[in-house]
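One structure is given below, encoded as structure tokens.
Note: hydrogens, waters and symmetry copies are ignored here, and every other heavy atom, side chains too, is used. Order of appearance sets the numbers: ligands from 1, and atoms from 1 within every ligand.
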Amino acid sequence: MSLTEKELLAKVPTQLYIAGKWVTGNGTGSITVEDPATGKPLAQIANANHKDALAALSAASDAQDAWAATAPRERAEILRRTFELVKARSEEFAMLISLEMGKPLAEARGEVTYGNEFLRWFSEEAVRITGRFGSSPEGTGRMLVAQRPVGPAFAITPWNFPLAMATRKIGPALAAGCTMVIKPAELTPLTTLLLAATLEEAGLPAGVVNVITTNTSAATSAPIIADPRLRKITFTGSTSVGVRLLEQSAKQVLRTSMELGGNAPFLVFEDADLDAAVTGAMLAKLRNIGQACTAANRFIVHESIADEFANKMAEQMSAMPLGRGVDPETKIGPVINDKARENLQRLVDATVSEGGAILTGGKSVDRDGYFFEPTVLVDVKPGSTILQEEIFGPVAPIVRFKTEAEAIALANDTEYGLVSYAYTQDLKRGLRLVEKLDTGMTGLNTGLVSNAAAPFGGVKQSGLGREGGLEGIHEYLETKYVMIPDPNL
Ligand code: NAD
């Protein structure tokens with residue numbers, strides 16, 4: 001039987017999770033988590049300060065050796081049991097994600113499937129950590145190469161995918177034998193708290209995962225990052241915060257994984273299947289109400305089809321019902337807060353003053369919560385402000401191009417390099433694009449690339465390292481090499 005919103009919220013822990021215990025925070029007051037579709041409070045949760053942060057790190061550090069020594073199969077089984085529990089409660093997780101983050105329930109269900117898959121995928125990877133053994137080239141020794149856990153990790157996650165951003169880090173860390181302190185975003189911390197309770201129920205030993213929630217992120221995180229017991233930091237969020245964390249991490253020479261901002265180009269060539277391109281564009285633009293690092297940020301469309309593409313997109317965008325994510329008819333939810341909404345207005349206004357035009361939408365919606373009209377902007381001039389910043393909302397700027405070389409140059413004209421999308425039916429052109437687009441990932445004739453079995457990550461200022469795939473676990477492993485003299489000599 002499905003729970004009501006009230007019953008669900010009553011089930012979610014509201015305290016910090018440190019050393020296997022739910023404890024109150026020492027920070028000032030508490031944190032109010034609000035529903036972005038109404039602006040009304042959903043829950044009050046604990047506020048951690050630097051003392052709680054160090055207590056959480058101590059718990060992770062104390063648990064590290066025993067956790068690293070557990071049989072890989074045992075670590076795998078705990079992850080698998082957590083996967084099964086999340087699956088059995090997928091409706092609860094989906095409703096919670098939708099409530100605190102605002103995305104439509106159907107998308108929240110998609111996040112549960114996607115996010116939970118990292119637990120299953122890494123439960124399978126835990127038992128496949130291997131090394132190698134061989135002769136030295138001179139034949140005088142044997143060389144053994146092993147993989148071992150990096151050590152205690154600090155994970156900081158963003159608000160936009162409250163489950164998936166946590167499991168993408170917890171899954172590989174636990175599989176590799178690392179313990180962790182995780183700090184979810186203060187805007188959407190409830191899902192991580194429910195996940196911690198689920199890990200506990202699945203039999204995770206005390207101290208292996210510790211959760212701190214805080215509204216003083218910088219001050220509370222800094223002592224953890226400065227502490228020599230920490231060996232790894234894994235961050236998903238904006239490039240500006242990522243750069244600060246890299247600077248802080250340099251002092252301890254920490255291993256770092258950085259999943260940062262994006263400015264994805266979405267290229268549509270004259271030979272593309274236009275309807276498929278529009279379907280892909282809607283997905284790449286509107287997933288998560290446009291608030292995804294993988295969101296298509298710049299539509300770069302051949303001049304011969306630009307008007308038709310824009311009209312088709314505008315027709316679909318303007319027909320999307322807005323509402324609370326948990327309402328079944330909602331196709332587009334709110335953006336996360338008023339600041340995000342004001343930023344969208346600033347970008348739309350700047351585009352118009354720089355020579356672009358509004359085809360549909362273009363302003364805030366006059367109702368409770370933080371809604372912005374799905375917007376299509378046409379005749380956007382290369383160099384416009386909106387093409388240089390992460391939009392993070394349901395706004396689609398369309399730029400025209402004439403030649404393939406021009407399209408590639410426009411696409412690569414950004415300091416970001418997370419993902420690119422390209423629609424063409426010409427195979428040779430498709431392969432040229434894959435080689436020339438300067439991004440860690442490319443969707444060729446698709447608007448969706450995320451998959452737990454694939455290495456997710458970017459180049460340039462979009463980050464360092466990869467999450468998911470065969471690569472994901474290596475972010476939490478160190479290579480140890482051993483030289484052994486030839487036993488026959
Ligand atoms: P953000 O950088 O503002 O915050 C991310 C996290 O960092 C939050 O938990 C926040 O509390 C914390 N934080 C902020 N300042 C900090 C500091 N000085 N020290 C320690 N922690 C600090 O980002 P956001 O607004 O939560 O998320 C949106 C951003 O995340 C976008 O730029 C988006 O592209 C990016 N993102 C990237 C990926 C990816 O995989 N590349 C995935 C999702 C989101």
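Within the set Leu245, Thr157, Ile233, Leu418, the minimum heavy-atom distance to atom 9 (O) of ligand 1 is found for Thr157. Summarising the contacts of atom 29 (C) of ligand 1 with Gly237, Ala340, Ala264, Ala155, the nearest heavy atom is found in Gly237. Comparing heavy-atom distances from atom 28 (C) of ligand 1 across Phe456, Tyr416, Phe392, Phe154 singles out Phe392 as nearest. Here atom 1 (P) of ligand 1 lies nearest to Ser238 when heavy atoms of Gly468, Ser238, Ser257, Gly458 are compared. With distances taken over non-hydrogen atoms, the option nearest atom 17 (C) of ligand 1 out of Ala218, Gly463, Gly457 is Ala218.
By the criterion of a heavy-atom distance under 4.0 Å, both the backbone and the side chain of Ser217 are placed next to ligand 1. Under 4.0 Å from ligand 1, the heavy atoms of Met165 that appear belong solely to its side chain. For Gln291, no heavy-atom contact with ligand 1 is shorter than 4.0 Å.
Rounding to the nearest 0.5 angstrom, the gap separating the CD atom in Glu111 from the CG atom in Leu105 is 12.0 Å. Here the straight-line distance linking atom CD of Gln291 with atom CG of Leu344 works out to 8.0 Å at 0.5 Å rounding.
Ile156 CG2, 3.6 Å is the protein heavy atom nearest to atom 12 (C) of ligand 1. Given atom 16 (C) of ligand 1, the protein heavy atom at minimum distance is Val241 CG1, 3.5 Å. Looking only at protein heavy atoms, the nearest one to atom 42 (C) of ligand 1 is Cys293 SG, 2.9 Å. In terms of protein heavy-atom proximity, atom 27 (O) of ligand 1 is closest to Pro158 CB, 3.3 Å. Shortest contact from atom 44 (C) of ligand 1 to any protein heavy atom: Asn160 ND2, 3.4 Å. Ranking the protein heavy atoms by distance from atom 41 (N) of ligand 1 puts Leu260 O, 2.8 Å first. The shortest contact between atom 32 (O) of ligand 1 and any protein heavy atom is with Glu390 OE1, 2.6 Å. Annotation: atom 20 (C) of ligand 1 to nearest protein heavy atom, Ser221 OG, 3.4 Å.
Looking only at distances, a side-chain donor or acceptor of Thr198 sits under 3.5 Å from a matching main-chain atom of Leu194. The main-chain N or O of Pro149 is never found under 3.5 Å from a side-chain atom of Lys232 such that the two would form a donor-acceptor pair. Between the side chain of Asn412 and the backbone N or O of Lys436 there is at least one donor-acceptor pair closer than 3.5 Å. Here the side chain of Glu100 pairs a donor or acceptor atom with the backbone of Leu190 at under 3.5 angstrom. Side-chain atoms of Glu259 do not come within 3.5 Å of backbone N or O of Ser462 as any donor-acceptor pair.
Residue Glu186 places at least one N or O, backbone or side chain, under 3.5 Å from an N or O of ligand 1. Some N or O of Arg168 is nearer than 3.5 Å to an N or O of ligand 1, by distance alone. Considering backbone and side-chain N/O of Lys183, one or more are found under 3.5 Å from N/O of ligand 1.
Taking the six-membered ring for Trp and thresholds of 30 and 60 degrees, Phe299 and Phe266 have ring planes inclined between 30 and 60 degrees apart. The aromatic rings of Tyr114 and Phe118 stand perpendicular to each other, their planes meeting at an angle above 60°, with 30° marking the opposite boundary.
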### Task
Check the pair Arg341 / Asp338 against salt bridge (Lys or Arg N to Asp or Glu O under 4.0 Å), numbers first and verdict last.
CA-CA 5 Å; Arg341 189 164 62 165; Asp338 211 28; 3.0 Å; yes
Report the C-alpha separation of Glu247 and Arg244 in whole Å, then their side-chain angles, then the decisive distance to 0.1 Å, and conclude whether the salt bridge (Lys or Arg N to Asp or Glu O under 4.0 Å) test is met. CA-CA 5 Å; Glu247 285 166 359; Arg244 286 177 62 178; over 6 Å; no
For salt bridge (Lys or Arg N to Asp or Glu O under 4.0 Å), just list the numbers for Arg255 and Glu475, CA-CA rounded to whole Å, side-chain angles, deciding distance to a tenth of an Å, and then say yes or no.
CA-CA 8 Å; Arg255 279 282 294 276; Glu475 300 285 318; 5.4 Å; no
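Between Glu373 and Lys363 there is a salt bridge, since a side-chain N of the basic residue sits under 4.0 Å from a carboxylate O of the acidic one.
Trp159 counts as a contact of ligand 1, since one of its heavy atoms falls under 4.0 Å from the ligand.
For atom 4 (O) of ligand 1, the nearest protein heavy atom lies 4.0 Å or farther away.
Atoms of ligand 1 found under 4.0 Å from any heavy atom of Thr236 (numbered from 1 in listed order, with element): 5 (C), 36 (N), 37 (C), 38 (C), 39 (C), 40 (O), 42 (C), 43 (C), 44 (C).
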